[in-house]
Student: 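I have a structure here, written as structure tokens, and I will follow up with some questions on it.
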Amino acid sequence: MGTQTHDGGGATGAAPRTAPRRTGRPARALERLRTGTDPTAAAARRAVRVTLAACTGFYVFLYALDRPVGATYALFSAVSVAALARIPGTGRQRAAVMLKLLPVACVLVTLGTFLAVRTWTAVAGTLVIGFFLAFVAAAGPRPAGASPGLQLLYILPCFPPYAPDTLGERLTGTVVGLALAVLAEAFVLPDARAPSYAARAAAAARSAARCAAALRGPPYALPADVARQATAAGEAVRPSRVPEAERPAGPGLRERALAHTGLAARTLLARLRALPAPGSGTPPDPPGLALLGSVAAATRETAVLLAGDPAPAEAGAAARALHTARERTAVLQPAAPIDRRRHAALVEIADAALVLGRAADIAVRGRAAVPDTTEGRFWYAGAHPLRLWWIRLAGHAEPGSVHFQNAVRISLALAVARTVAGLDTLPHGFWAMLAVLSLTRTTAVQTRATVRQALIGTFVGALAAGVVLALADGATLPCAILLPPLMLVAFCVGPVRGVGWMQAMFTLVVSVVFAQLSAATWQLAEVRFLDVLIGSVIGMLCGLLAWPKGAHDELGRCVARMLRGAAEQVAATARAVTAGAGTPPAVRDDAEVQHALLLAETAYAQYQGEAQHPAGPGPDWHSALMAGHHVLWGARRVLEAAGEPEPAPDHSAGSRVRSYGAWVADGFAMAAARFDVPRGGRRGEPRAARVKADEGPQPGGPEPSDATRDAPPLFFTVTAWLDSLTADLGRMAAAHAVEDRPGRQP
């Protein structure tokens, strides 16, 4: 779990090195075109769909029905959800999301229409509605992608004139524009769909079955090719390797269960790869081999379930057999001390396979699987959908969440822009708010770079628009002819060539649009540039005042918070195991680690998309996050084992567990100090922690004698978990050592 892989060529008998230079890039381009992953082709398909939907509604309302208000809303509704919004997935997946957004769009248009009566009501609405629409990004990639488009649907009607009598026409245009966008996305130039997450998890389950089967025969170790396939299958279900549209990141039951399935699959594959070999000259215990056979059968059954293949007549029989075999094997006492560590590892493998099967069952069958899921780790299985949404949103309703920070930043910038537009009575003032919406980034550095390119592009586009409007001299026919090709080029070139090109072409598009709605001169292009300039300045100022470093510093704080909670969890678990309480504590006892891990993973996801990264080697954020998962799920498994009717460690073994647990907890506390970024400061390690680290290995660390100690199985379950955490600490320490090497002063 968490093993990094490195892509490499190196096939034997390869062609000379000059051959790939001639054919590699075209071949990759053709492959991207065939699979639908080429960004230029994807942008071209989207441009065709947006242009078709927007222009159809605009021309029908304006020229066939003589309804300029309906024409405006039909065009901008299609542009908002199909171009400004970045809903991930294929056209049909986006169409399904857009259809669900239709009532929300109508509510936003209605609110914007009635709040436009006064500047202060429009500003208040912008602040509240803007925050809410941005904050729902915490619910997953699809709400996050739809948020900018929904913001535009509120911005458009919240400007004068205050005309509630036109609400019917506005809503009609909105509905027609969205309907045309849905039809275009669903049926025009369909996209190829990437493999679903369930299919990836099914492949991981099949790989686990092959590993378990291979470990049953001599030499009782994984062949190199099987190990490579297992590593690749585990990496394929890592969320960062999955397209956003297929990533199980939502708050719903099936999304949570599918994410749990992927985590369980990666854990199972990692444990299978790390299974200790039998002692030299000692054959493996027959019960252990039988348990591996049950694991192979159960994971094959899980793969069939996830793949959607027809279920066998006795569905679930393999999982029930594995549960029985696991309970029987857990209480056995191998004769040879060296076998006990392998025995504990086999029980851990069986447990991971059971978790994989149960999580997959919930992901596929939903609430129909609830009666069979009584363990605390599946707490979400019986929760109401509204409660699941509330838990997700409430978990991010604090300043430490990057979703909360982004929502505050964009809502404040939009409110300031609306205030300026209202007080100065800017003509076409919503362009200033649109500039804020489309140009503000999560870091001040990115916003500044984006604004510079946008202003250059807008200036060039304004010059071109001025020439076009001057040549048209008030005639609408030339503008009507130019609109479709200009829109096609704008939405095709802009996403590929960058924000400068997008702003230049979009300036031309809006100029010819408004020239058809009312009489316009070349000065319309001047107004467009002025509004974009005002919106850009407001966006930069708000970006400087509200968390200017984006996710970088917050990621350090969230990871440090998670590691401090992990340190407490490790120490508490070691004490609980040796206390002989007999029953595990409630699963919500680790809520702090869960919450901190959620915030850290969200910050890491945003950090990966930001350009403001420090030069040179940096912290190994991913290793820290995987260590948090290992603490969270490992502690639960250890505490469950402590509650089973098996002997507790004796005084000597218990003392060893406590000292080892305290040593690992100290390591996590030291790692937290290294990752932490104090408010108003920079990340660094307190001197006390550095001095302690320089003293060398502390008492209580891993000892070779742990493998041969005469102790009950629970001792080996705990030490195996602590050994894996020690490896996590080693990876984090190695990354920090590389980071410090260029000359940081101790």
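The first residue in the sequence is number 1, and the count goes up from there.
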Student: Identify the two heavy atoms, one from Ala490 and one from Met502, that lie closest to each other, and give their separation to 0.1 Å.
Tutor: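 That would be O-SD, 3.4 Å.
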Student: Taking Gln405 for the side chain and Pro399 for the main chain, is one N or O donor matched with an acceptor at less than 3.5 Å?
Tutor: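 Yes, because the side chain of Gln405 sits within donor-acceptor range (under 3.5 Å) of the backbone of Pro399.
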Student: Determine whether more than 12 heavy atoms belonging to other residues, nucleotides or ligands lie under 6.0 Å from atom CZ of Phe459.
Tutor: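 Result for CZ/Phe459: open.
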Student: Taking the side chain as C-beta and beyond, is there a heavy-atom pair between Ile391 and Arg387 under 4.5 Å?
Tutor: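 Yes, side chains in contact.
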Student: Find the distance between CG (Leu108) and CG (Leu133) and round it off to the nearest 0.5 Å.
Tutor: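 CG of Leu133 is found 5.5 Å from CG of Leu108.
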Student: Would Thr440 and Cys542 count as a side-chain contact (heavy atoms from CB on, under 4.5 Å) if you check the C-alpha gap in whole Å, the side-chain angles of each, and the deciding distance to 0.1 Å?
Tutor: CA-CA 9 Å; Thr440 302; Cys542 291; over 6 Å; no
Student: Counting distance only, does the side-chain N/O of Tyr197 pair as donor-acceptor with the main-chain N or O of Val237 below 3.5 Å?
Tutor: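 Side chain of Tyr197 to backbone of Val237, a donor-acceptor pair under 3.5 Å: yes, one is there.
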Student: Is it true that a side-chain atom of Gln93 and a backbone atom of Thr90 form a donor plus acceptor pair closer than 3.5 Å?
Tutor: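 A pair under 3.5 Å: yes.
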Student: Do Pro157 and Tyr73 make a side-chain contact, defined as non-hydrogen atoms from C-beta onward lying under 4.5 Å apart?
Tutor: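 With C-beta onward as the side chain, the pair touches.
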Student: side-chain contact (heavy atoms from CB on, under 4.5 Å) between His396 and Leu598: does it pass, once the steps are laid out?
Tutor: CA-CA 9 Å; His396 286 281; Leu598 170 67; 3.9 Å; yes
Student: Can you name the closest pair of heavy atoms from Ser77 and Leu178 and give their distance?
Tutor: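 Between these two residues, the closest heavy atoms are O-CD2, 4.0 Å.
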Student: Check the surroundings of atom OH in Tyr63: do more than 12 heavy atoms from other residues, nucleotides or ligands lie under 6.0 Å from it?
Tutor: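 Atom OH in Tyr63 is packed in, count exceeds 12.
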Student: Would you kindly say whether Thr113 and Arg170 are connected by a side-chain donor-acceptor distance under 3.5 Å?
Tutor: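 Looking only at side-chain atoms, Arg170 and Thr113 do form a donor-acceptor pair, the distance falling under 3.5 Å.
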Student: Does a donor on one side chain sit under 3.5 Å from an acceptor on the other, for Gln606 and Asn406?
Tutor: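 There is such a pair (donor and acceptor under 3.5 Å, judged by atom type) between the side chains of Gln606 and Asn406.
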Student: Mind listing the closest non-hydrogen atom pair of Ala134 and Ala407 along with its distance?
Tutor: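 Closest heavy-atom pair between Ala134 and Ala407: CB-CA, 3.7 Å.
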Student: For Thr51 and Val48, indicate whether the former's side chain and the latter's backbone hold a donor-acceptor pair under 3.5 Å.
Tutor: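 Absent.
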Student: Please round to the nearest 0.5 Å and tell me the distance separating atom CD of Glu398 and atom CG of Leu599.
Tutor: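 Here the interatomic distance stands at 5.0 Å.
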Student: Are the side chain of Arg256 and the backbone of Gly250 linked by a donor-acceptor contact shorter than 3.5 Å?
Tutor: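 Answer holds: no.
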Student: Keeping the roles fixed (side chain from Thr121, backbone from Leu115), state whether a donor-acceptor pair exists under 3.5 Å.
Tutor: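 Checking the backbone N and O of Leu115 against the side chain of Thr121, a donor-acceptor pair under 3.5 Å is found.
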Student: Would you find a donor on one side and an acceptor on the other, under 3.5 Å apart, between the side chain of Glu255 and the backbone of Pro248?
Tutor: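 Looks like no, no N/O pair under 3.5 Å.
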Student: With side chains defined as the heavy atoms from C-beta onward, is the minimum distance between Thr72 and Phe61 less than 4.5 Å?
Tutor: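 In short, these two side chains do not touch, never coming nearer than 4.5 Å.
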Student: Once rounded to the nearest 0.5 Å, what's the spacing between atom CD of Gln516 and atom OG of Ser511?
Tutor: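 Between atom CD of Gln516 and atom OG of Ser511 there are 11.5 Å.
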Student: Do side-chain atoms of Gln151 reach the backbone of Gly130 as a donor and acceptor pair under 3.5 angstrom?
Tutor: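 Checking the backbone N and O of Gly130 against the side chain of Gln151, a donor-acceptor pair under 3.5 Å is found.
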Student: Report the C-alpha distance between Arg92 and Phe187 in whole Å, list the side-chain angles of each, state the deciding distance to 0.1 Å, and finish with yes or no for side-chain contact (heavy atoms from CB on, under 4.5 Å).
Tutor: CA-CA 8 Å; Arg92 291 184 181 273; Phe187 299 108; 4.0 Å; yes
Student: Enter the distance from Trp501:CH2 to Gln453:CD here, rounded to the nearest 0.5 Å.
Tutor: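 Answer for the CH2-CD pair, Trp501 versus Gln453, is 12.5 Å.
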Student: To check you understand the geometry: which heavy-atom pair defines the closest contact between Leu439 and Val532, and what is its length?
Tutor: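 Shortest heavy-atom separation between Leu439 and Val532 comes out as CD1-CG1, 4.5 Å.
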Student: Pick out which of Arg200, Arg142, Arg193 makes a salt bridge (Lys or Arg N to Asp or Glu O under 4.0 Å) with Glu246.
Tutor: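 Single salt bridge (Lys or Arg N to Asp or Glu O under 4.0 Å) partner of Glu246 among Arg200, Arg142, Arg193: Arg193.
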Student: Would you say the side-chain atoms of Thr56 pair up with the backbone N or O of Ala53, donor to acceptor, closer than 3.5 Å?
Tutor: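 Not confirmed, Thr56 side chain does not pair with Ala53 backbone.
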Student: Is the gap between the ring centers of Phe131 and Phe404 under 6.0 Å?
Tutor: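 Under 6.0 Å, so yes.
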Student: Rounded at 0.5 Å granularity, tell me how far CG in Leu167 sits from OG1 in Thr110.
Tutor: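 It is 4.5 Å, given to the nearest 0.5 Å.
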Student: Tell me if the CZ atom of Arg67 is crowded by more than 12 foreign heavy atoms within 6.0 Å.
Tutor: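 Open: at most 12 neighbouring heavy atoms sit under 6.0 Å from CZ of Arg67.
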Student: Do Pro484 and Tyr59 have side chains that get closer than 4.5 Å, going by heavy atoms?
Tutor: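 Yes. Closest side-chain heavy atoms under 4.5 Å.
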Student: Name the residue from Phe76, Phe529, Phe514 that meets the ring-ring contact (aromatic ring centres under 6.0 Å, His included) definition with Trp431.
Tutor: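 For Trp431, the ring-ring contact (aromatic ring centres under 6.0 Å, His included) check succeeds only for Phe514.
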Student: Give the intermediate values and the outcome of side-chain contact (heavy atoms from CB on, under 4.5 Å) for residues Leu180 and Val176.
Tutor: CA-CA 6 Å; Leu180 289 172; Val176 170; 3.9 Å; yes
Student: Closest heavy-atom contact between Ala417 and Val436?
Tutor: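 Taking every non-hydrogen atom into account, CB-CG2, 4.0 Å.
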Student: Does atom CG of Asp165 have more than 12 heavy-atom neighbours, drawn from other residues, nucleotides or ligands, at distances under 6.0 Å?
Tutor: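 For Asp165, atom CG is crowded (more than 12 foreign heavy atoms under 6.0 Å).
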Student: Side-chain contact test, heavy atoms from C-beta onward, threshold under 4.5 Å: evaluate it for Leu517 versus Val513 and give yes or no.
Tutor: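 Of all side-chain heavy-atom pairs linking Val513 with Leu517, at least one is under 4.5 Å.
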Student: Locate the shortest heavy-atom distance separating Pro141 from Pro88; write the atom from each residue and the value.
Tutor: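 Closest heavy-atom pair between Pro141 and Pro88: O-CD, 3.8 Å.
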Student: Does Ser196 reach the main-chain N or O of Ala199 with its side chain, forming a donor-acceptor pair under 3.5 Å?
Tutor: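 Answer holds: yes.
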Student: Does NZ or CZ of Arg418 come closer than 6.0 Å to the centre of the six-membered ring of Phe159, within 45° of the ring's axis?
Tutor: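 Positive - Arg418 is close enough to the ring of Phe159 and near enough to its axis.
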Student: Quick one: do Asp191 and Arg49 make a salt bridge, cutoff under 4.0 Å?
Tutor: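 Looking at Arg49 together with Asp191, the answer is yes, because their closest N to O distance falls below 4.0 Å.
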Student: Could you give the distance from CE (Met433) to CG (Leu414), rounded to the nearest 0.5 Å?
Tutor: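 With rounding to 0.5 Å, CE (Met433) is 5.0 Å from CG (Leu414).
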